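In this text, all values refer to a predicted model and were calculated from it rather than measured experimentally. Computed over heavy atoms, backbone and side chain alike; hydrogens, waters and symmetry mates excluded. Start at 1 and go down the list; that is how both ligands and their atoms are numbered.
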Amino acid sequence: MASTATRLLDRLSALPSSDESILSVYLDLDPGRFPHVRDRRAELDSLLESAQRQQLEAGCRSRSERLALLRDIEHLRERLAGRDELAPPSARGLAIFCSEAAGIFEVVRLPRPVAPAVTVGRRPFIEPLIELTAAERWAALLISRRSARVFRGTRERLTEVEGALDDVHRRHAQGGWSQARFQRGIEREVEEHITASCEAIFGHFQREPFERLLIGGPSELHARAQRALHSELRRRLAGHFEIDVERSSADEVLHRALPAIEASEREHEDRALVRLREGMAPGDHASAGADEVLALLNERRVRALLISESYSEPGLVCPRCGWLTTNCDVTSCPVDHSMLERREDVAGAAIEAGLAQDAEVLVFHHRRAELADFGSIAALLRY
Ligand SMILES: [Zn+2]
């Protein structure tokens with residue numbers, strides 16, 4: 001039932017914006033939070049109710065659109081009716097895209113937990129999926145003396161997170177700030193605003209973790225914000241940049257953030273190359289070149305997959321279990337005997353196989369020439 005994430009992403013992001021509404025659902029299957037099928041069923045029910053509310057609140061939807069959504073919800077419930085559908089082996093989450101009118105029904109098994117989410121819109125909601133297939137998830141806290149915003153995403157795209165700082169805004173709305181203005185010094189108020197924003201982004205991080213954090217805004221506040229961060233976030237801090245907090249668009253934020261993101265990527269790639277060179281000693285724990293690396297992915301022995309963004313090679317993939325090879329003489333999967341599918345490029349399937357075995361996947365954007373010495377694809381092994 002599951003589609004592979006990277007292939008689907010290509011397809012979904014290429015969809016023209018349609019007149020039909022598309023229902024997008026992200027279901028968290030983390031056994032810590034939703035251990036039983038009945039918990040997951042309740043999670044799904046509450047998301048679907050929220051989809052109907054969202055549509056009602058949007059107001060202007062026509063009767064036929066409301067009926068279309070009800071049909072999609074019904075269809076989705078039917079497809080996820082069985083126990084197994086809500087307890088797929090080794091999946092930590094599901095992404096579902098559904099629109100009968102647009103001819104879409106896709107279920108994607110996710111290798112990592114996601115925050116539960118639902119949208120009804122002209123476009124499928126694919127940002128969480130992009131984040132899941134990216135090696136590093138980034139967040140940027142923009143903070144000025146008065147306001148704060150949170151963006152998150154990847155080197156490709158940052159999106160503003162609505163509501164990430166709700167607690168801070170709620171306190172504003174309760175009038176605490178304006179009264180405080182008269183009772184206490186402005187500086188103290190700014191300090192409280194910074195502290196509250198840092199607490200709020202830590203809350204957001206606990207719900208939806210990210211690997212790296214940037215602070216943006218006037219430079220005079222960077223050190224103060226850094227001090228106010230929870231130690232867990234300070235550890236993830238990758239840099240600062242100056243930006244107009246109130247007026248900048250998501251593209252401007254990404255533009256300012258990119259030098260820090262790229263610097264961090266270069267460091268990350270350099271460290272991985274050191275580990276790779278050390279591990280390449282005979283009998284040691286690294287391996288290079290497509291033949292060996294794909295075989296190790298098939299054996300689920302990969303701890304870190306190093307792959308160049310320019311790596312591309314035709315090959316064959318098992319549609320059932322993801323078994324991979326570049327040897328085009330093989331016809332059926334040695335594990336389950338399914339007919340193998342031909343791919344112009346096995347890079348995406350290799351990345352998915354890595355994610356599915358909880359390997360760190362590092363796509364090289366900078367040190368490609370260095371990785372080319374190892375065939376542009378390499379692995380560090382678990383054992
Ligand atoms: Zn197979």
Side-chain angles (χ1 to χ4, degrees), residues 1-12 27 29-31 37 40 79-97 104-114 129-130 132-135 285-308 311-363 375-383:
M1 95 184 188
S3 228
T4 51
T6 42
R7 213 166 17 143
L8 178 66
L9 262 181
D10 291 346
R11 207 157 82 73
L12 289 176
L27 204 58
L29 304 183
D30 185 2
V37 167
R40 297 168 180 189
R79 294 284 289 264
L80 295 182
R83 285 187 63 81
D84 293 350
E85 271 67 35
L86 289 178
S90 79
R92 295 299 192 82
L94 290 178
I96 306 138
F97 304 94
I104 297 170
F105 189 89
E106 297 282 355
V107 178
V108 193
R109 293 177 190 170
L110 306 174
R112 286 186 246 165
V114 280
L129 205 56
I130 294 175
L132 276 167
T133 54
H285 292 86
S287 195
D291 289 352
E292 289 195 30
V293 172
L294 298 190
L296 291 161
L297 283 169
N298 291 339
E299 293 167 20
R300 304 179 65 84
R301 288 177 58 197
V302 175
R303 179 164 55 89
L305 174 68
L306 285 48
I307 184 166
S308 168
Y311 169 78
S312 169
E313 200 161 354
L316 298 164
V317 181
C318 172
R320 201 144 145 219
C321 72
W323 190 89
L324 282 165
T325 183
T326 50
N327 176 357
C328 293
D329 298 333
V330 185
T331 51
S332 65
C333 170
V335 180
D336 53 38
H337 312 294
S338 304
M339 280 291 288
L340 297 176
E341 281 177 3
R342 224 192 123 66
R343 294 277 172 88
E344 284 313 303
D345 182 8
V346 289
I351 290 172
E352 271 161 45
L355 290 172
Q357 57 198 265
D358 265 333
E360 178 195 352
V361 175
L362 187 55
V363 178
S376 296
I377 180 167
L380 306 175
L381 307 189
R382 288 185 200 281
Y383 55 87

> Name all residues meeting the side-chain contact (heavy atoms from CB on, under 4.5 Å) criterion together with Ala295; count only those two or more places apart in sequence or in a different chain, and write none if there are none.
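Expected list: none.
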
> For residues 321-333, which residue pairs qualify under side chain to side chain donor-acceptor pair (under 3.5 Å), counting only residues two or more places apart or in two chains?
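Those involving residues 321-333 are Asp291-Thr326.
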
> Would you call Asp336 and Cys318 a side-chain contact if the rule is heavy atoms closer than 4.5 Å?
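Asp336 reaches Cys318 side chain to side chain.
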
> Counting distance only, does the side-chain N/O of Glu313 pair as donor-acceptor with the main-chain N or O of Val346 below 3.5 Å?
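Side chain of Glu313 to backbone of Val346, a donor-acceptor pair under 3.5 Å: no, none is there.
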
> With sequence neighbours left out, write down each residue that passes side-chain contact (heavy atoms from CB on, under 4.5 Å) with Glu292, or none if nothing qualifies.
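By the side-chain contact (heavy atoms from CB on, under 4.5 Å) rule, Glu292 matches Ser287.
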
> Give, for atom CG of Leu27 and atom CZ of Arg40, the distance between the pair rounded to the nearest 0.5 Å.
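Separation between the atoms: 8.0 Å.
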
> Sort by chain and number the protein N/O/S atoms that are closer than 2.8 Å to the Zn ion (ligand 1), and list them.
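Hits for the Zn ion (ligand 1) below 2.8 Å: Cys318 SG, Cys321 SG, Cys333 SG, Asp336 OD1, Asp336 OD2.
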
